[in-house]
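Note sheet for the following structure.
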Amino acid sequence: QVQFVESGGGLVQPGGSLRLSCVASNLDVYAIGWFRQAPGKEREGVSCISRSESGTYYSNSVKGRFTISRDSAKNTVYLQMNSLKPEDTAVYYCATPGDGWCRHNPYEYRYWGQGTQVTVSS
């Protein structure tokens, strides 16, 4: 069982930045993905970092604006979000498939955080 604590969401103006955090015990052994879900839309993958950090992945919609990283000493994975757009508005979730490898399909992720709301609006 993996339990996540997410934080960092909020209201930001277009062009602004936020940093989301995902904390859990023994986070180093897991691949961690970030997903988002906007009202009326399906959950979509945003980014993922593999266990060994040899693989980091981004959706085309966030590539060049978002950066995923780990701080092993703090058992934390971050999602730095820059140049935010209104279409980035969603609830953001961190999740793990339960092993060290990223997956594209959200249904392959076994453990999920509670989500944090990100709203981009002027």
Side-chain angles (χ1 to χ4, degrees):
Q1 186 77 10
V2 182
Q3 293 184 320
F4 294 107
V5 177
E6 298 157 345
S7 62
L11 172 65
V12 64
Q13 292 187 343
S17 297
L18 285 173
R19 188 178 74 165
L20 305 184
S21 299
C22 175
V23 180
S25 299
N26 299 318
L27 209 59
D28 264 3
V29 304
Y30 299 113
I32 302 297
W34 283 99
F35 295 81
R36 66 187 181 187
Q37 189 165 19
K41 294 189 177 182
E42 291 187 356
R43 191 167 296 188
E44 65 167 330
V46 173
S47 183
C48 186
I49 186 166
S50 64
R51 174 173 56 196
S52 65
E53 299 185 45
S54 61
T56 56
Y57 306 94
Y58 300 93
S59 68
N60 288 335
S61 60
V62 307
K63 200 172 293 183
R65 299 188 298 123
F66 290 11
T67 303
I68 193 169
S69 63
R70 287 183 187 270
D71 185 334
S72 299
K74 296 182 178 179
N75 277 322
T76 302
V77 168
Y78 299 103
L79 185 69
Q80 177 67 43
M81 307 187 296
N82 299 328
S83 303
L84 283 161
K85 305 175 181 180
E87 51 264 43
D88 294 317
T89 295
V91 178
Y92 283 71
Y93 301 88
C94 64
T96 180
D99 59 30
W101 308 106
C102 288
R103 313 281 205 283
H104 178 72
N105 189 337
Y107 292 101
E108 296 186 72
Y109 286 72
R110 296 178 61 190
Y111 304 106
W112 291 80
Q114 81 284 0
T116 185
Q117 176 71 47
V118 172
T119 303
V120 185
S121 175
S122 54

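Since we're looking at a predicted model, the values are computed, not measured. Residue numbers count from 1 along this sequence.
Residues satisfying the side chain to side chain donor-acceptor pair (under 3.5 Å) criterion with S17, sequence neighbours excluded, are N82. The salt bridge (charged side-chain N to carboxylate O under 4.0 Å, His left out) search around R19 returns none, not counting sequence neighbours. The side-chain contact (heavy atoms from CB on, under 4.5 Å) test applied to S47 returns Y58, I68, L79, not counting sequence neighbours. R110 meets the side-chain contact (heavy atoms from CB on, under 4.5 Å) test with no other residue; sequence neighbours excluded. Partners of Y109 according to the side-chain contact (heavy atoms from CB on, under 4.5 Å) rule, which considers only residues two or more places apart in sequence or in another chain, are F35, C48, A95, P97, C102, R103, W112. S7 meets the side chain to side chain donor-acceptor pair (under 3.5 Å) test with no other residue; sequence neighbours excluded. When the side chain to side chain donor-acceptor pair (under 3.5 Å) test is applied to K63, the partners found at least two apart in sequence or on another chain are N60. For the side chain to side chain donor-acceptor pair (under 3.5 Å) test, residues two or more places apart in sequence or in another chain that qualify with S59 are S61. Remark: D71 engages no residue in a salt bridge (charged side-chain N to carboxylate O under 4.0 Å, His left out) (not counting sequence neighbours). Partners of Q37 by side-chain contact (heavy atoms from CB on, under 4.5 Å), not counting sequence neighbours, listed by chain and number: R43, Y93.
There is a path of hydrophobic side-chain contacts, each under 4.5 Å, that joins Y92 to V2. Y30 and W34 fall within a single hydrophobic cluster, where Ile, Leu, Val, Met, Phe, Trp and Tyr side chains are chained together by heavy-atom contacts under 4.5 Å. By the rule that hydrophobic residues join a cluster once side-chain heavy atoms approach within less than 4.5 Å of another member, I32 and V91 end up as members of separate clusters.
Distance check: R36 CZ to Q117 CD gives 12.0 Å after rounding to the nearest 0.5 Å. From T76, atom OG1 reaches atom CD of E6 across 12.0 Å, with rounding to the nearest 0.5 Å. Note that CZ of F66 and CG of L18 are 9.0 Å apart. Values are rounded to the nearest 0.5 Å. Distance check, rounded to the nearest 0.5 Å: CD of Q80 to CG of L20 gives 9.0 Å. Of the inter-residue distances, the one linking Q13 atom CD with L84 atom CG reads 11.5 Å to the nearest 0.5 angstrom. The CD1 atom of I49 sits 6.5 Å away from the OG1 atom of T56 when rounded to the nearest 0.5 Å.
Pairs of residues two or more places apart, or lying in two chains, that qualify as disulfide bond (SG atoms under 2.5 Å apart) and include a residue from residues 18-47 are C22-C94. Pairs engaging residues 61-91 under the disulfide bond (SG atoms under 2.5 Å apart) rule: none recorded [sequence neighbours left out].
The two atoms that bring P14 and S121 nearest to each other are CD-C, 3.6 Å, heavy atoms only. Of all heavy-atom pairs between D88 and R65, the closest is OD2-NH1, 2.8 Å. The heavy-atom pair separating D28 from S72 by the smallest distance is OD1-OG, 2.8 Å. Closest non-hydrogen pair, V118 versus M81, comes out as CG2-CE, 3.8 Å. Closest non-hydrogen pair, S50 versus A31, comes out as CA-CB, 4.0 Å.
Listed for the S83 side chain is no donor-acceptor partner under 3.5 Å among the backbone atoms of G15.
The number of heavy atoms from other shown groups lying within 6.0 Å of CD (Q3) does not exceed 12. Taking a 6.0 Å sphere around CD of E42, one finds it holds 12 or fewer heavy atoms contributed by other residues, nucleotides or ligands.
Just one residue in the list V77, V23, L27 forms a side-chain contact (heavy atoms from CB on, under 4.5 Å) with F4, and that residue is L27.
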